[in-house]
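Reviewing the structure listed below.
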Amino acid sequence: MSGPAEPNRLSEPAKGVRHRRGRLIVRGICLVAVIAVLVAARQTHWPVVVAAMSPFIAAGSILATRTVSVIASLGLAVGFIALLRTRWFCRWICPLGLCADGASHMGRRCGRKPATRLSVGRWIVLLTLAGACLGYPVLLWLDPLAIFSGAFAAGPAVIPLLVILALSFTWPHIWCSRICALGAFQDMLSSLARHVRRRTEEGRRPQRWSLPVARRTVLGIGAGAVLASAARLAHRPASRPLRPPGAIDEPEFLGVCVRCGNCIRACPTRIIEPSLSEHGMASLLTPVLQFRENYCLVDCTKCMEVCPSGALVRLSAEGKASKPIGLPQVDMNVCLLGADRECAECRRWCPHEAIRYVWSESEYTLIPQIDPQKCTGCGACEAVCPTKPNKAIVVVPLGDSTGG
Amino acid sequence: MDHRMNRRECLRALGLSGLTAGLGWTTAPSARAQGVGESSGFQSSVIDARKVQDARTAATIVDGKVIQPQRELPILHQTDVLVVGGGSAGVVAAIAAKRAGANVTLVERYGHFGGLWTGGLVVLILGHIVKGGKQVCQGIGEEMMRRMDKLDGAIIDRRPGVNPTVDAEAAKYVMVEMIEEAGIDVFLHCWGVDAIVTGNTVRGVVFESKSGRQAILAKMVVDATGDGDLFAAAGAEFEHRSHNVGLVSRIGNLDRVDAEKAKETPRPRRLGSATPAPGVNWVNLTGPEVDGLDLATLTRMEMNHRKFIWNNVQRTRQTPGYEKVYLVETAPQIGVRITRVLNGLNRVRLSDLKAATKFPDVVGVGGASNATHGEWQIPYGALVPTTVDNVLASGRCISMDLGMADLVRLIPNCFVTGHAAGVAAAVAVQDNCRPRDADIAKIQKILRQQEAYLG
């Protein structure tokens with residue numbers, strides 16, 4: 001269907017210019033709308049739409065988590081359109097594409113030449129989807145919509161976007177045509193559609209076309225599987241991060257999370273932050289919890305509702321309570337009770353009445369004890385702990401605690 | 001008249017000229033501190049000891065049971081407002097009621113004012129402020145702080161957003177000064193042991209002292225006993241709770257710790273916090289959760305805690321650099337935190353603190369122990385018993401849920417509830433009504449006049 005349209009456009013330059021201008025207006029409107037949603041509606045569910053539009057994320061997420069969420073259906077719809085119209089999404093909607101085009105345009109004006117060699121988009125797709133089948137979609141986070149979405153979530157998360165703009169300026173169009181996994185995925189979808197169409201039209205199996213793709217596919221899938229396994233085996237971070245509620249297990253989380261920043265944005269108490277260097281490179285920009293000032297509200301499920309990739313499984317408030325975020329640990333060398341100071345803050349503010357102070361005759365002092373059956377790891381105790389600079393009670397990931 | 005001199009000397013030593021005025025109110029003429037002569041030397045004389053002893057009837061054994069025969073009690077005194085308990089809540093309640101225009105009598109079981117604040121050495125005014133540093137303890141409590149500001153070595157950490165620490169002796173002195181200025185009748189060494197009740201109305205208090213069992217009649221009683229002894233005796237509904245019973249101590253010579261030697265070993269854990277006295281720290285002790293009304297328990301706590309404190313200071317002295325640290329004193333009064341808690345018309349609740357609930361009948365605002373949360377309002381109903389009239393609760397025994405115990409019992413919050421109870425009792429006397437029918441607007445107006453903070 002798209003076949004006859006292209007020669008028409010090329011043969012009528014005047015119409016082509018008008019068409020391009022019209023497209024530019026549409027893309028501009030889309031860019032403004034996306035930024036408006038990401039900035040103005042940050043506390044609502046709307047930001048999820050941005051990353052959820054990506055069929056690449058949808059495919060990676062479905063393969064990795066083996067569940068199809070409502071959110072993923074939007075990406076599937078966009079993917080379906082890509083079957084019919086080559087790079088339809090890139091040409092009309094992609095906000096990052098417009099920004100990269102702008103940078104490329106400036107680069108060209110400054111005399112920069114487009115790159116001709118590097119072309120990695122398809123490899124990224126193959127690696128990632130192969131990894132996804134093993135539960136670890138290696139490079140899913142390179143999705144442009146996730147990167148664009150993340151740039152508006154928290155300070156340091158803007159860096160990937162800046163890197164893309166800098167690349168586009170230096171080697172114009174390098175991102176969209178040679179790196180972007182979403183673009184490459186759409187290309188693969190439309191060529192698949194062409195292939196199927198040709199087969200049905202010609203009524204026979206194509207011979208010369210399938211071989212190089214098959215080789216590349218086999219190589220890519222193999223490499224993806226190796227990478228995914230390697231990532232799992234090599235997963236030995238110095239300190240395990242505390243993930244938002246509903247997070248799937250590590251290290252799969254590292255692959256499935258697309259670093260879109262939706263959870264960071266949606267959190268009403270602002271306890272989700274992008275990880276920087278503290279949990280290693282693999283965790284870079286993934287969401288981690290901190291309970292310095294606030295905690296995970298008992299009846300809030302927002303972060304899970306806005307996760308486009310399934311890294312945070314959607315749980316109800318009750319479901320959240322039964323899947324603890326972590327377990328608090330008390331350092332009696334810091335705890336005021338250990339120094340016989342008067343304090344009852346963590347017990348008072350625990351929403352689940354999970355903390356008791358137990359008298360130790362040998363230590364001749366009170367020791368906070370946490371009931372793991374009642375505790376959800378919400379961090380209210382840590383948020384309210386008055387000791388400075390270190391909190392005496394700290395929520396640690398499950399399995400890291402060595403007892404009260 | 002020589003036999004009266006020892007009493008006089010004793011009163012002087014306590015700095016309690018107000019007491020003589022108080023005794024002047026006594027209905028039994030023989031108990032009046034009149035005609036006291038000057039001391040003529042160091043001697044002892046025989047006292048004509050009729051007075052209250054006449055009324056004493058020894059207990060006896062009937063069928064193996066110890067029986068106290070029925071007897072008439074001497075009425076020592078009559079008053080408008082009787083405050084039972086001279087701790088942080090009771091002293092403020094008495095001053096507030098007196099300033100609101102009532103005749104006020106204060107009875108206290110020990111020989112000094114301040115209760116756990118001074119006798120218990122709980123010298124940290126914890127709960128003075130809320131998150132953000134705003135000071136919510138105002139009114140008479142704040143007046144005491146201001147008076148201590150003017151005394152040398154009486155108070156430290158008096159800066160905005162910080163909970164101050166006072167010197168216990170300075171606090172005792174300031175309370176004597178303020179009670180004398182207010183003109184409150186005082187009876188020390190009086191342990192309120194029973195309520196005088198007709199129907200559902202409290203009419204006074206029976207107390208025990210070295211002078212025997214006597215009565216004080218009052219139009220209104222403020223229960224500032226901490227343990228709710230009076231409202232419980234009067235038949236009010238209450239909850240009996242356990243809590244941690246500890247014992248505060250003070251250690252000295254911390255300014256003579258050898259810093260060079262101390263570097264090599266970890267700092268001893270129980271060094272407490274600074275007090276206005278140089279080199280002296282006060283050291284808290286939480287203690288186990290027990291029944292603070294149980295005699296055997298209290299006895300065990302007193303003995304165990306003193307043993308522990310002594311041994312702990314010895315351990316500290318064995319730490320290099322800390323050899324000169326010594327135990328100044330253990331608190332005379334054991335640290336009972338919560339025992340009886342009133343079932344009031346209303347209740348101070350943790351949920352209301354979290355929701356920052358505002359009450360139309362607010363009579364005080366409580367602070368946070370570690371400035372971790374905002375202010376919480378105390379409704380008048382939390383001081384008023386459900387079934388018994390003419391008695392108001394104040395201090396750590398007001399109506400509250402379990403989650404609020406560790407806030408309600410703090411010293412400044414006791415000032416605040418004492419202030420409210422004192423004013424409310426005076427208003428009820430003036431308007432000749434039951435406390436539950438008292439004019440809230442009038443109570444709030446007087447509280448504000450007395451510079452209390454009501455949010």
Side-chain angles (χ1 to χ4, degrees), chain A residues 268-269 291-300 328 330-369 374 378-393, chain B residues 122-127 131 163 242-249 266-273 281-290 300-301 304-305 307-309 311-312 315 335 337-338 349-351 353-354 368-373 376 401-411:
Chain A
T269 51
F291 298 126
R292 284 187 302 271
E293 296 283 331
N294 225 319
Y295 69 103
C296 182
L297 300 177
V298 175
D299 52 359
C300 177
V330 181
D331 183 348
M332 285 310 286
N333 292 318
V334 182
C335 179
L336 293 182
L337 292 176
D340 260 330
R341 308 272 289 270
E342 208 75 7
C343 186
E345 299 295 343
C346 56
R347 186 180 62 189
R348 179 178 307 132
W349 291 93
C350 174
H352 310 285
E353 296 183 354
I355 301 180
R356 286 196 319 138
Y357 297 160
V358 180
W359 175 253
S360 159
E361 194 68 30
S362 59
E363 294 291 317
Y364 222 71
T365 193
L366 287 179
I367 298 171
Q369 272 191 1
K374 290 181 181 172
C378 73
C381 51
E382 184 179 335
V384 81
C385 180
T387 60
K388 284 170 190 168
N390 296 325
K391 305 258 186 185
I393 187 162
Chain B
V122 185
V123 288
L124 174 63
I125 310 297
L126 199 63
K131 192 172 191 173
N163 290 313
S242 60
H243 207 299
N244 303 81
V245 171
L247 187 66
V248 180
S249 56
R267 198 179 126 92
R269 221 171 62 186
R270 288 178 161 94
L271 290 181
S273 332
N281 275 14
W282 76 283
V283 187
N284 190 37
L285 175 64
T286 321
E289 181 190 327
V290 293
R300 186 161 46 85
M301 290 295 108
N304 286 357
H305 288 345
K307 263 193 318 196
F308 171 80
I309 290 167
N311 291 331
N312 184 58
R315 275 194 294 277
R337 286 178 172 82
I338 295 288
R349 290 184 179 87
L350 186 58
S351 55
L353 183 157
K354 289 177 178 173
S369 55
N370 290 297
T372 46
H373 54 82
W376 44 279
D401 65 10
L402 283 169
M404 287 305 285
D406 290 314
L407 290 173
V408 166
R409 65 184 175 81
L410 300 173
I411 300 292

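In the text below, chain A, chain B and the rest are named by the order of the sequence lines, each starting its count at 1.
For B/Leu407, the parts lying under 4.5 angstrom from a heavy atom of chain A are both the backbone and the side chain. For chain A, the nearby parts of B/Leu285 are the backbone and the side chain; heavy atoms of each come within less than 4.5 Å.
Highest contact tally toward chain A, considering only B/Ala371, B/Gly403, B/Gly287, is held by B/Gly287 [criterion: heavy-atom pairs under 4.5 Å].
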Polar pairs (donor with acceptor) under 3.5 Å from chain A to chain B:
residue, atom, partner, partner atom, Å
A/Gly338, O, B/Arg269, NE, 2.7
A/Gly338, O, B/Arg269, NH2, 3.3
A/Asp340, O, B/Asn284, ND2, 2.9
A/Asp340, OD1, B/Thr286, N, 3.2
A/Asp340, OD1, B/Thr286, OG1, 2.8
A/Asp340, OD2, B/Arg270, NE, 2.6
A/Asp340, OD2, B/Arg270, NH2, 3.1
A/Glu342, OE1, B/Asn284, ND2, 2.6
A/Glu342, OE1, B/Arg337, NH2, 3.0
A/Glu342, OE2, B/Arg337, NE, 2.7
A/Glu342, OE2, B/Arg337, NH2, 3.2
A/Glu342, OE2, B/Arg409, NH1, 3.0
A/Glu342, OE2, B/Arg409, NH2, 2.6
A/Glu345, OE1, B/Thr372, OG1, 2.7
A/Glu345, OE2, B/Ser369, OG, 2.9
A/Glu345, OE2, B/Asn370, ND2, 3.4
A/Glu345, OE2, B/Thr372, OG1, 3.1
A/Arg347, NH2, B/Asp406, OD2, 2.5
A/Glu363, O, B/Arg270, NH2, 3.2
A/Glu363, OE1, B/Arg269, NH1, 3.4
A/Tyr364, O, B/Arg270, NH2, 2.5
A/Tyr364, OH, B/His305, ND1, 2.7

